[in-house]
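Single-structure report; data block below.
In what follows, every chain begins at residue 1, and chains take the letters A, B, ... in the order their sequences are listed. It should be emphasised that the depicted structure is a prediction, and the values quoted were computed from it without experimental measurement.
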Protein chains: 2
Amino acid sequence: MNIGEIARRAGVSRSTVSYALSGKRAVSEETRRRIQAVIDELGYRPNAAARALKEGRTRTLGLVIPPASLRLTDMQLGFVASVVEAAARVDLDVLLSPSGGDHDRSFERMISGRRVDGVILMEIRLEDERVDRLQQTGLPFVTIGHTANPHGTCWVDVDYATLISRCVHHLADLGHRQVALVNRSAELVASGYGPAQRALSGFTEATDQRGITGVHLCCADEASAGQSCMERLRDEHPAVTGIVTINEAALPGIHRALEQARVVVPRDLSITGVVARHWAEDFRPPLTAADVPMEMGTQAVELLLERISTPDAPPRHLLFTPPISLRATTGPAPVR
Amino acid sequence: MNIGEIARRAGVSRSTVSYALSGKRAVSEETRRRIQAVIDELGYRPNAAARALKEGRTRTLGLVIPPASLRLTDMQLGFVASVVEAAARVDLDVLLSPSGGDHDRSFERMISGRRVDGVILMEIRLEDERVDRLQQTGLPFVTIGHTANPHGTCWVDVDYATLISRCVHHLADLGHRQVALVNRSAELVASGYGPAQRALSGFTEATDQRGITGVHLCCADEASAGQSCMERLRDEHPAVTGIVTINEAALPGIHRALEQARVVVPRDLSITGVVARHWAEDFRPPLTAADVPMEMGTQAVELLLERISTPDAPPRHLLFTPPISLRATTGPAPVR
DNA sequence: TTGTAAGCGTTATCAA
DNA sequence: TTGATAACGCTTACAA
């Protein structure tokens with residue numbers, strides 16, 4: 001089933017069918033209708049490969065996700081979903097590449113095989129060779145998160161430094177004098193993962209500024225890790241009365257540890273941070289937190305489309321600083 | 001950067017470059033090396049569209065996921081991850097289509113635009129028009145889950161009926177006389193979603209067989225729904241001492257409700273069911289449950305590859321019946 | 001208003 | 001062992 005077959009049945013040339021479909025040339029109403037009838041009958045649709053070959057574009061966006069072996073966090077999953085949805089809205093397909101930091105066959109296939117018109121990269125590190133590779137090739141791309149050298153590239157990100165800083169200030173305003181940051185995993189921090197790094201710097205800055213004590217803890221993205229992390233914290237730093245976190249996956253474990261220790265939130269301990277709304281609302285009591293906006297995926301797609309249509313425009317950045325939603329996990333520091 | 005450019009620089013014809021790459025024709029070691037050097041230098045890779053056009057295959061698998069608006073469950077996410085990973089292992093890319101039940105542009109593009117060599121369909125219903133559509137076109141496909149008429153199609157699934165039945169028998173063996181099934185949402189059940197339907201039939205069959213009382217409850221895929229569902233259950237059916245569920249997202253809410261009601265598991269109430277291992281292990285105490293095998297995505301890819309290479313072979317099915325892992329949430333029925 | 005034909009980058013057949 | 005060439009299905013410049 002190809003355009004020639006449609007043309008034959010409609011008694012016109014192939015170009016007429018093509019023009020009838022694209023509307024790039026006037027086609028008499030009569031023939032247009034005849035062609036459409038044949039197309040509807042046979043359910044014809046142009047072969048994507050032929051079209052891509054001729055047009056030099058694939059109508060496909062590439063999305064580079066963390067390797068499947070690592071369980072994706074809810075936040076990452078939310079990005080994937082919103083990217084796919086935003087792309088579908090403008091009739092673009094999404095090709096997935098599960099690629100970690102090192103060279104990866106699927107990643108290379110995607111970019112040097114010209115399988116996509118542009119790439120969205122998620123979970124990037126401060127130094128990320130995939131970004132370098134993409135810059136070499138000249139393929140338009142947008143990152144979710146940004147590298148250490150962010151000016152030349154196009155990205156969307158959450159302003160973790162500012163948000164975590166605000167969380168600390170919020171706790172300080174409530175009288176807390178010793179607070180802890182429950183960060184992502186030690187490996188992630190060590191590998192230079194942006195959000196973890198910036199959360200830490202915002203935390204340090206704010207605690208310094210307010211002259212309060214800050215404890216930094218790394219914690220794997222799992223409930224059980226959250227639990228042991230919290231147990232260790234209460235053991236080693238019993239004077240901490242406020243927790244700030246960007247590790248949503250640890251929340252259920254944090255909750256469990258507090259419950260078992262009969263700690264009442266927020267009477268005995270305040271908790272806040274930056275997490276997906278879903279996690280904040282599922283916490284008991286509901287978590288006061290800055291809700292990571294899921295539209296970031298949508299924004300990334302928009303930025304990428306801009307970049308594809310005008311590759312020479314200066315790269316744009318979008319830094320989200322969502323408000324902290326006051327729910328129910330922060331309160332005055334307990335009096336001793 | 002195309003094959004002609006490589007040929008020119010290596011001083012050979014385009015066909016020689018093609019053969020050097022594919023190995024389908026003998027090429028002298030000398031020229032092969034020269035060609036390879038040029039390729040390595042320029043980072044050449046065949047244009048995917050041109051190759052697809054010529055070969056008639058895209059080296060891409062389509063994966064149809066539920067529309068992004070609905071939050072994917074962890075189980076669904078696990079499938080996506082394992083499909084993508086399995087495909088990457090055999091150098092195939094994965095194109096995503098977020099499509100619900102009705103006709104969907106991205107779905108149609110994928111199948112009638114010949115964008116993929118085969119399709120994996122997830123979250124299918126007992127009557128599913130996407131399956132009909134796929135059968136019309138003759139494009140190879142595999143479903144995760146199966147339709148009411150499963151013989152003509154290729155699928156992998158979990159044997160919910162048997163597993164839920166086993167859970168009920170397990171509870172009955174422990175002396176429970178009134179048990180409840182916490183199913184997926186009412187809409188899902190009403191729309192003929194297979195797992196929900198089969199869980200119910202397995203439940204009914206087993207309760208009938210053991211002569212015990214079964215209560216059926218629908219519950220949305222959310223913690224809060226799980227909580228209210230459990231509160232309602234304890235209110236309306238206080239004599240129920242055993243819970244069986246396939247709704248993993250409801251587990252945190254179930255846990256919360258029990259905790260607030262000071263119900264001790266498994267002393268006062270036993271819980272079991274079919275959920276992803278991760279959820280079972282995160283429950284407190286760890287949940288006795290049949291763990292949904294995440295390799296299902298891998299198996300789906302394998303089945304699909306078979307189907308692509310030998311489309312006329314009789315369709316194969318894989319029905320998983322994983323063992324129930326005894327953890328800590330089931331015990332003898334409480335004595336009155 | 002419509003048709004003819006070139007060409008996108010490959011692979012594979014046929015010749016040498 | 002290698003090269004010339006047709007063909008895959010489409011879009012579009014050029015002709016009519």
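- Look at CD on B:E55: it is 14 Å from P on D:dG9, rounded to the nearest Å.
- Of the residues in residues 10-31 of chain B, those placing a heavy atom less than 4.0 Å from an atom of DNA chain C are B:R14, B:S15, B:S18, B:Y19, B:K24, B:R25, in numerical order.
- Nearest nucleotide to the side chain of A:L53, out of C:dG9, D:dT11, C:dT10: C:dG9.
- Distance, B:R33 CZ to D:dT1 P: 14 Å, rounded to whole Å.
- The distance between atom NZ of B:K54 and atom C1' of C:dG7, rounded to the nearest whole Å, is 15 Å.
- Look at CZ on B:R57: it is 16 Å from P on D:dG9, rounded to the nearest Å.
- Two residues, B:R32 and B:A50, neighbour DNA chain D, and the one matched to the more 5' nucleotide by heavy-atom proximity is B:R32.
- Close to C:dG9, at under 4.0 Å from its OP1 or OP2, lies a side-chain N or O of B:N2.
- Between the P atom of C:dG9 and the CG atom of A:N47 lies a distance of 17 Å, rounded to the nearest Å.
- Aromatic ring orientation, A:H151 versus A:H317: tilted (interplanar angle from 30° to 60°).
- For the pair B:R114 CZ and D:dC10 C1', the interatomic distance rounds to 15 Å; values are reported in whole Å.
- Rounded to whole Å, atom P of C:dT10 lies 11 Å from atom CD of B:E5.
- Between A:R109 and B:D93, the shortest heavy-atom distance links the atoms NH2-OD1, 2.8 Å.
- For the OP1/OP2 pair of D:dT11 and a distance below 4.0 Å, the side-chain nitrogens and oxygens of A:R51 include at least one atom meeting the criterion.
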